[in-house]
Amino acid sequence: MSIAAGETAVVDGVDKDLYIGGAWRPAAEGKRLPVYDPSTERELCSVADASPADGIAALDAAVAAQPGWAAYPPRERGEILRRSYELISERVDELALLMTLEMGKPLAESRGEVAYAADFFRWFAEEAVRIDGGYAVAPKGGGRFLVARQPVGPSILITPWNFPMAMGTRKIGPAIAAGCTSVIKPAAQTPLSMLALAGILAEAGLPDGVVNVVTTSDSGGVVEPMIRDGRARKLSFTGSTGVGRKLLEQCADQVLRTSMELGGNAPFIVFDDADVDAAVDGAMLAKLRNIGEACTAANRFYVQSGVAEEFTRKFAERMQAQPIGRGTEEGVVIGPLIDSAAVDKVTTLVDDAVERGAVVRTGGSTIDGTGHYYRPTVLTDIPADARIVSEEIFGPVAPISTFETEQEVLGRANNTPYGLVSYLYTGDFDRALRVSEALEAGMVGLNQGIVSNPAAPFGGIKHSGVGREGGTVGIDEFLETKYVAIGLREQP
Ligand code: NAP
């Protein structure tokens, strides 16, 4: 089959309606939402465009399914996740192609994301049967404490476009494992991966109504009534800090449990005592994974003066050599950014830095023609007031500054309202521990340019969020703790 025919086949293979109560149905008002390929700007297909009434219908289905799902044996919940993991794993290539078509990332990265997404299901299949409780004698004797973990209840799950499948399985996996039903709303730009996932969950035997998928061009209009309705008990959101803040305000009204995976502004620090080649390898990963469109992307590079020129030269050479093109083409590393607004934002940040005195070592421009491409870029001599060090770039641009002392770089690295991840390269063990502890971030990549792992607790502090996804704590976000005080009568 030719690539083009394969592309059509994977797009055609996805149900494009709303998935509510185990059935595929069009939006109540019959509206459709176009989905575009960011590399060709061509319309791939259209999906149902839900109205607020459709959102409430999805919530109705989740609420109706909740009691039965909470009572479902944990082992069977786990088995459904395990089967879903296996089905995704069997279809990595077609799911990866679908993801590349709607999001733009190169096929190799899409395959990586599909495998990563599936791994959350495998991990939470294993966690489903490890929800434990407690039994204790009251400190004064006599009474007993029984502590149980129960599902939070119907949950609203909202995911961004940059990781269209993994950000979903990271929420759906623990929700299913914990016994929570959900309504998931993927980003309007990348709904297809989530719709494909819904089909797989159904095939794996997930009962009707446990997971419902609503695609819409009116995210605010559809989500707010679901939050204000009062029957949902949880919101788990991944996206920008601005939208997260707005949703937190709405959730306050209903006192909803919330998990917030928000924006980042990761520092990447290289000390003089680091292995410079390893640091360049790590920088390539931390900067170019997902074309720089990752919350974990290294946003600011701080290199100690003794190795600054060597690091910058080697890093700029590697950045310049990356093949750019459509994600479906063999060997491409840099695909298109998601849309023209993303390119405009990157352009504005680079231009602002250059106007204030930054030097372009490589890149620094868009690519003419169809598709939203920006060249891998390395900037040096970054002025402290440049917007690029305080705003999320979300593109393949690396601003490098130099520093002299550990204290100085810690002050600069922590000088941000964000606190998702920080990267640190050093060969000194004491410094590694000292700096890892002092960095204000939920995660630290120590001599490593990538931190994501389903078995590890992912999440941020400060304006980067609340709560953790993955690891042994990931399921806690979907569980309430219930304590039963037992009055024990003396033996008659
Ligand atoms: P976004 O604009 O905040 O959108 C995220 C999701 O929220 C999308 O599904 C979006 O739908 C929806 N949304 C937008 N406005 C909404 C509203 N008023 N009410 C309810 N839902 C609403 O973020 P993005 O630009 O897609 O994603 C990039 C951001 O996500 C970056 O800041 C990145 O750092 C962050 N992110 C964080 C993590 C993490 O784990 N910490 C992971 C990945 C990404 P529509 O797009 O359809 O409007």
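Ligands are counted one by one from 1 in listed order, and the atoms in each one are counted from 1 as well. When a residue number appears, it is its place in the shown sequence, counting from 1.
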Checklist entry - Should one rank F237, Y418, F394 by closest heavy-atom distance to atom 28 (C) of ligand 1, which comes out on top? => result F394
Next on the checklist: Between K171 and T238, is there a side-chain donor-acceptor contact under 3.5 Å, judged purely by atom types and distance?
Outcome noted: yes
Checklist entry - Yes or no on side-chain hydrogen bond (donor to acceptor under 3.5 Å, both in side chains) for D218 and T216, after CA distance, side-chain angles and deciding distance? => result CA-CA 5 Å; D218 179 18; T216 181; 5.4 Å; no
Item to check | E392, portion touching ligand 1 at heavy-atom distance under 4.0 Å | outcome: side chain
Checklist entry - Just distances here: any N/O of V243 and N/O of ligand 1 closer than 3.5 Å? => result no
Item to check | Side-chain heavy-atom pair Y423, V444 within 4.5 angstrom cut-off | outcome: no
Item to check | Heavy-atom nearest neighbour in the protein, as seen from atom 44 (C) of ligand 1, with distance rounded to 0.1 Å | outcome: N162 ND2, 3.4 Å
Checklist entry - At under 4.0 Å between heavy atoms, which part of L262 makes contact with ligand 1: side chain, backbone, both or neither? => result backbone
Checklist outcome for this item: The closest protein heavy-atom partner of atom 27 (O) of ligand 1 is P160 CB, 3.5 Å
Checklist entry - Does the distance from a Lys or Arg side-chain N to an Asp or Glu carboxylate O, for R149 and E480, drop under 4.0 Å? => result no
Next on the checklist: Just to check, does W161 reach to within less than 4.0 Å of ligand 1 when the distance is taken from its heavy atoms?
Outcome noted: yes
Checklist entry - Is ligand 1 under 4.0 Å from a heavy atom in the side chain of E224, in the backbone, in both, or in neither? => result neither
Next on the checklist: Using a 4.0 Å cutoff against the non-hydrogen atoms of L420, which atoms of ligand 1 qualify?
Outcome noted: 41 (N)
Checklist entry - Is K462 positioned over the aromatic face of Y418, cation under 6.0 angstrom from the ring centre and no more than 45 degrees off axis? => result no
Checklist entry - Can you check whether D17's main-chain N or O pairs, donor with acceptor, with D15's side chain at less than 3.5 Å? => result no
Next on the checklist: Donor-acceptor pair, distance only, cut-off 3.5 Å: does the side chain of N162 make one with the backbone of E293?
Outcome noted: yes
Item to check | Those atoms of ligand 1 less than 4.0 Å from some heavy atom in V223 | outcome: 20 (C)
Checklist entry - Got an N/O contact under 3.5 Å between A188 and ligand 1? => result yes
Next on the checklist: With a 4.0 Å cut-off on N to O distance, would you call E355 and R387 a salt bridge?
Outcome noted: no
Checklist entry - Under 3.5 Å between some N or O of ligand 1 and some N or O of T238? => result no
Next on the checklist: I'd like to know whether the aromatic ring centres of F301 and F268 sit less than 6.0 Å apart in this structure.
Outcome noted: yes
Checklist entry - Considering only protein heavy atoms, which is closest to atom 12 (C) of ligand 1, and at what distance to one decimal place? => result I158 CG2, 3.8 Å
Item to check | K345, NZ atom: more than 12 neighbouring heavy atoms under 6.0 Å | outcome: yes
Item to check | Donor-acceptor pair, side chain of Q322 and main chain of I334, under 3.5 angstrom | outcome: no
Checklist entry - Counting heavy atoms only, which part of R245 comes closer than 4.0 Å to ligand 1: side chain, backbone, both or neither? => result neither
Checklist outcome for this item: Atoms of ligand 1 under 4.0 Å from any heavy atom of R170, numbered from 1 in the order shown, are 39 (C), 40 (O)
Checklist entry - Any chance the side chains of T100 and S110 put a donor and an acceptor closer than 3.5 Å? => result yes
Checklist entry - Of the protein's non-hydrogen atoms, which lies at the shortest distance from atom 11 (O) of ligand 1, and what is that distance? => result K185 NZ, 3.0 Å
Checklist entry - Ion pair present between E477 and R468, side-chain N to carboxylate O less than 4.0 angstrom? => result no
Checklist entry - When the ring planes of F120 and F124 are compared, do they come out parallel, tilted or perpendicular, using 30° and 60° as the limits? => result parallel
Checklist entry - Identify the closest protein heavy atom to atom 2 (O) of ligand 1: which residue and atom is it, and at what distance? => result S240 OG, 3.9 Å
Checklist entry - Got the closest protein heavy atom to atom 19 (N) of ligand 1, with its distance? => result G220 CA, 3.5 Å
Checklist outcome for this item: Quick look: F458 vs ligand 1, heavy-atom contacts under 4.0 Å, and the answer is side chain
Item to check | Protein residue, atom and distance nearest to atom 42 (C) of ligand 1, heavy-atom basis | outcome: C295 SG, 3.0 Å
Item to check | Subset of ligand 1 atoms that lie under 4.0 Å from at least one heavy atom of L247 | outcome: 19 (N), 20 (C)
Checklist outcome for this item: In this structure, atom 13 (N) of ligand 1 is nearest to the protein heavy atom S219 OG, 3.6 Å
Checklist entry - Side chain, backbone, both or neither: which part of T159 has a heavy atom under 4.0 Å from ligand 1? => result backbone
